[in-house]
Each structure stands twice: as C-alpha cells, then as structure tokens.
Amino acid sequence: MRLIYSTICLLLVLAAPAAALDRDMAAQVLAEINLTRTSPRAYVGFLREFRGMFHGKYFVLPGSDTRMQTNEGVKAVDEAIKVLSRQKCLPPLAWSDGLAAAAAELVKEQGETGATGHGDVEGLGMRERIHRHGKWNRESGENIGYGPTEARNMVMQLITDDGVPDRGHRKNIFNTVFRTAGVACGPHPEYGNMCVIDFADQFKE
C-alpha cells in the first residue's frame, strides 16, 4: 500500500457540534473528481481562477473576507496547473457504498472528537477500517480534506496538495489503478468541514 496523506487547512474556525453527513456534498465531490479525471484540462481553468485569489501565501475565496493561509502560495497551484495540462484522461470512478461507509466512520468520529488524520480512536488505520466493509484486489488509498464547504474547492485543495511533499492526494485522484471510490463529508469542530475519499481498484462489499 502506498503512503497516504491528509491535507489540513490552517484556518481555525469556531467549534461546531457533530451533525448528519452531507450526502449531497459527498456526491458532488466524487463528481468533481471524475470531472478532473475525465477532463483534466477543464480543471486547469478552475486552478487558474484560484491562482488569481492569492495574495502572497494566503488567498480569499469569492464572497468571503476570511484569509486562508497556505504553505507554498501560488507555487503549488502553478505546479498543479502544469501537471494537469499534461495529464491524460482517465475513466471515471464508480461509486461504492462500502467505501463510502468506511469513509463515513472516520467523518462521524472526527466530527465528535475534533481529531485529524487517518487513524481512529482505537489506533486502527485506513486498511482496517475499509476491511470492515469489504475487500479490494491490488490497491487502496484515502484522501482527507479539511475546511472547504464546496465540492470544487475541496477537490482543488486536494489536487494542489499544498504542503504535501510528494503530492499524495493528487496521486490518489489520478491513480490509474483505482476504479471505484466512496466519499463521506460532514462537519468538523475545528476546521468547519471535512471530506474523506476512500479509493480502491475493485471493491467487493
């Protein structure tokens, strides 16, 4: 299994109580991932718009007056634009209820505890959590994003992968082995919102 990473926004927000999963956003996140897999050059346009929101190492989203701090500034965005400009089109990922259930476990738990990362309170990681819901063949992976409340912003955060040296989130999104995925999104008491995306080649529930 490849190394997996989580991206954490540096913006701190007021704590919020755990609430129901946002199923609409989960579906939208997978749709955005499939858009960038099937039409990577279309996403270059979105990234260029995003680049224009930067002021040094922070950016401000339209309609917001909150400054979002990054580690690398436009450097990471420029790299993502370059990579996606050369990225070959890939097949879309099929939705998996089992992988979505595995992702939901972590979203629900961290929505209550405020924790971050891939491990749960019992110290179990992604592989053990996914195994509770089914089996994959060759490879599995997991992305976690914290902060954005819109699907496109969440996926752009993961593609840009600011502060992650080997761009592990981006590699998961464009992994040619993966054929299926499940997504869960919900509130996080420290970062406002989070999404977990679990990937696999094939998944038998």
S.K.: Working note: Asn143 + Val196, criterion side chain to side chain contact (heavy atoms under 4.5 Å, CB included); need CA distance, chi angles, decisive distance, verdict.
M.R.: CA-CA 6 Å; Asn143 284 356; Val196 177; over 6 Å; no
S.K.: Lys135 and Glu205: salt bridge (Lys or Arg N to Asp or Glu O under 4.0 Å), yes or no, with the steps?
M.R.: CA-CA 7 Å; Lys135 295 181 179 180; Glu205 298 172 11; over 6 Å; no
S.K.: Would you say the side-chain atoms of Arg51 pair up with the backbone N or O of Asp78, donor to acceptor, closer than 3.5 Å?
M.R.: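 Checked: no pair found.
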S.K.: Could you tell me which non-hydrogen atom of Ala26 sits nearest to which non-hydrogen atom of Trp95, and how far apart they are?
M.R.: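 So the two residues come closest at O-CZ3, 4.1 Å.
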S.K.: Considering only heavy atoms from C-beta outward, does the side chain of Ile173 approach that of Thr36 to under 4.5 Å?
M.R.: yes
S.K.: I need the minimum non-hydrogen distance between Phe54 and Gly56, along with the two atoms involved.
M.R.: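 The answer is CD2-O, 3.7 Å.
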S.K.: So if I apply the side-chain hydrogen bond (donor to acceptor under 3.5 Å, both in side chains) rule between Asp161 and each of Lys171, His169, Arg167, which one comes out positive?
M.R.: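 Of the listed residues Lys171, His169, Arg167, the side-chain hydrogen bond (donor to acceptor under 3.5 Å, both in side chains) partner of Asp161 is His169.
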S.K.: Got a second to check how far Met25's CE is from Thr149's OG1, nearest 0.5 Å?
M.R.: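 It is 6.5 Å, given to the nearest 0.5 Å.
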S.K.: State whether the side chain of Asp162 and the backbone N or O of Asn71 hold a donor-acceptor pair below 3.5 Å, judged by distance alone.
M.R.: yes
S.K.: Run the side chain to side chain contact (heavy atoms under 4.5 Å, CB included) test on Lys57 and Glu72 for me, step by step, so that the C-alpha distance in whole Å, both residues' side-chain angles and the decisive distance to 0.1 Å come before the verdict.
M.R.: CA-CA 6 Å; Lys57 289 192 175 182; Glu72 301 175 63; 6.0 Å; no
S.K.: Within the 4.5 Å heavy-atom criterion, are Phe203 and Ile130 side-chain neighbours or not?
M.R.: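 Yes, at least one pair of side-chain atoms sits under 4.5 Å.
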S.K.: Determine yes or no for a side-chain-to-main-chain donor-acceptor pair under 3.5 angstrom, with Arg127 supplying the side chain and Ser140 the backbone.
M.R.: no
S.K.: Kindly indicate whether the side chain of Ile197, heavy atoms from C-beta on, has any atom under 4.5 Å from the side chain of Ile33.
M.R.: yes
S.K.: Between atom SG of Cys195 and atom CG of Leu158, what is the distance when rounded to the nearest 0.5 Å?
M.R.: 8.5 Å
S.K.: To the nearest 0.5 Å, what is the distance between NZ on Lys75 and CD on Glu79?
M.R.: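 The CD atom of Glu79 is 8.0 Å from NZ of Lys75, to the nearest 0.5 Å.
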S.K.: To the nearest 0.5 angstrom, please state how far the CD atom of Glu139 sits from the OG1 atom of Thr176.
M.R.: 8.5 Å
S.K.: Can you tell me if Ser96 uses its side chain to pair, donor with acceptor, with the backbone of Ala181 under 3.5 Å?
M.R.: no
S.K.: Determine the interplanar angle of the Phe199 and Phe178 rings, folded into 0 to 90°, and report it as parallel if under 30°, tilted if 30 to 60°, perpendicular if over 60°.
M.R.: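 Taking Phe178 first and then Phe199, their aromatic rings lie parallel (interplane angle under 30°).
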S.K.: Report yes or no: does Asn193 contribute a side-chain atom to a donor-acceptor pair with the main-chain N or O of Gly147 at less than 3.5 Å?
M.R.: no
S.K.: List the steps, then state whether side chain to side chain contact (heavy atoms under 4.5 Å, CB included) holds for Thr180 with Asp201.
M.R.: CA-CA 6 Å; Thr180 186; Asp201 48 356; over 6 Å; no
S.K.: Might you work through the side chain to side chain contact (heavy atoms under 4.5 Å, CB included) test for Arg132 and Glu105, ending with a clear yes or no?
M.R.: CA-CA 10 Å; Arg132 289 199 285 263; Glu105 283 190 26; 2.5 Å; yes
S.K.: Going by heavy atoms in the side chains, are Cys185 and Met194 under 4.5 Å from each other?
M.R.: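 Not in contact.
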S.K.: Can you measure from NZ (Lys204) to CG (Asn137) and round to the nearest 0.5 angstrom?
M.R.: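 Lys204 atom NZ to Asn137 atom CG measures 10.0 Å (nearest 0.5 Å).
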S.K.: Go through the side-chain N and O atoms of Tyr146 and Gln110 and say whether any donor and acceptor fall under 3.5 Å apart.
M.R.: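 Indeed, the side chains of Tyr146 and Gln110 share at least one donor-acceptor pair under 3.5 Å.
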S.K.: Do you know which two heavy atoms are closest between Ala100 and Ala184, and how far apart they sit?
M.R.: O-CB, 4.0 Å
S.K.: Test of understanding: clusters of I, L, V, M, F, W, Y form through side-chain heavy atoms closer than 4.5 Å, transitively. Do Tyr58 and Val164 belong to the same one?
M.R.: no
S.K.: Just wondering, do Ser39 and Cys89 contact through their side chains at under 4.5 Å, heavy atoms?
M.R.: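 No, side chains not in contact.
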S.K.: Pair Asp198, Arg129 - check salt bridge (Lys or Arg N to Asp or Glu O under 4.0 Å), show working.
M.R.: CA-CA 10 Å; Asp198 285 337; Arg129 184 164 21 88; 3.6 Å; yes
S.K.: Kindly compute the distance separating CZ (Phe46) from CE (Met156), expressed to the nearest 0.5 Å.
M.R.: 8.0 Å
S.K.: Got a donor-acceptor contact below 3.5 angstrom from the Arg41 side chain to the Ser85 backbone?
M.R.: yes
S.K.: Any side-chain heavy atom of Val155 sitting closer than 4.5 Å to one from Val29?
M.R.: yes
S.K.: Is there a path of hydrophobic side-chain contacts, each under 4.5 Å between heavy atoms, that joins Val177 and Phe174?
M.R.: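 Unlinked, Val177 and Phe174 end up in two clusters.
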S.K.: Do Val60 and Arg67 have side chains that approach each other closer than 4.5 Å (heavy atoms only, starting at C-beta)?
M.R.: yes
S.K.: Which of parallel (below 30°), tilted (30 to 60°) and perpendicular (above 60°) describes Tyr191 and His188?
M.R.: tilted
S.K.: Just by distance, with hydrogens left out, do Glu32 and Tyr43 show a side-chain donor and acceptor under 3.5 Å apart?
M.R.: yes
S.K.: Is the backbone N or O of Leu93 less than 3.5 Å from a side-chain atom of Asn34, with the two atoms forming a donor-acceptor pair by type?
M.R.: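 Yes; at least one donor-acceptor contact below 3.5 Å.
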S.K.: Can you confirm whether Arg48 sits close enough to Ile81 that some side-chain heavy atom of one is under 4.5 Å from a side-chain heavy atom of the other?
M.R.: yes
S.K.: Write down the atom of Pro148, the atom of Met154, and the distance for their closest heavy-atom approach.
M.R.: O-CE, 3.4 Å
S.K.: Ignoring hydrogens and geometry, is there a side-chain-to-backbone donor-acceptor pair from Glu109 to Leu106 under 3.5 Å?
M.R.: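 No.
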S.K.: Provide the closest heavy-atom pair for Ile159 versus Arg170 in the form atom of the first, atom of the second, distance.
M.R.: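 Distance-wise, the nearest heavy atoms are O-NE, 2.7 Å.
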S.K.: Work out which heavy atom in Gly98 is nearest to a heavy atom in His133; give both atom names and the distance.
M.R.: O-CB, 3.5 Å
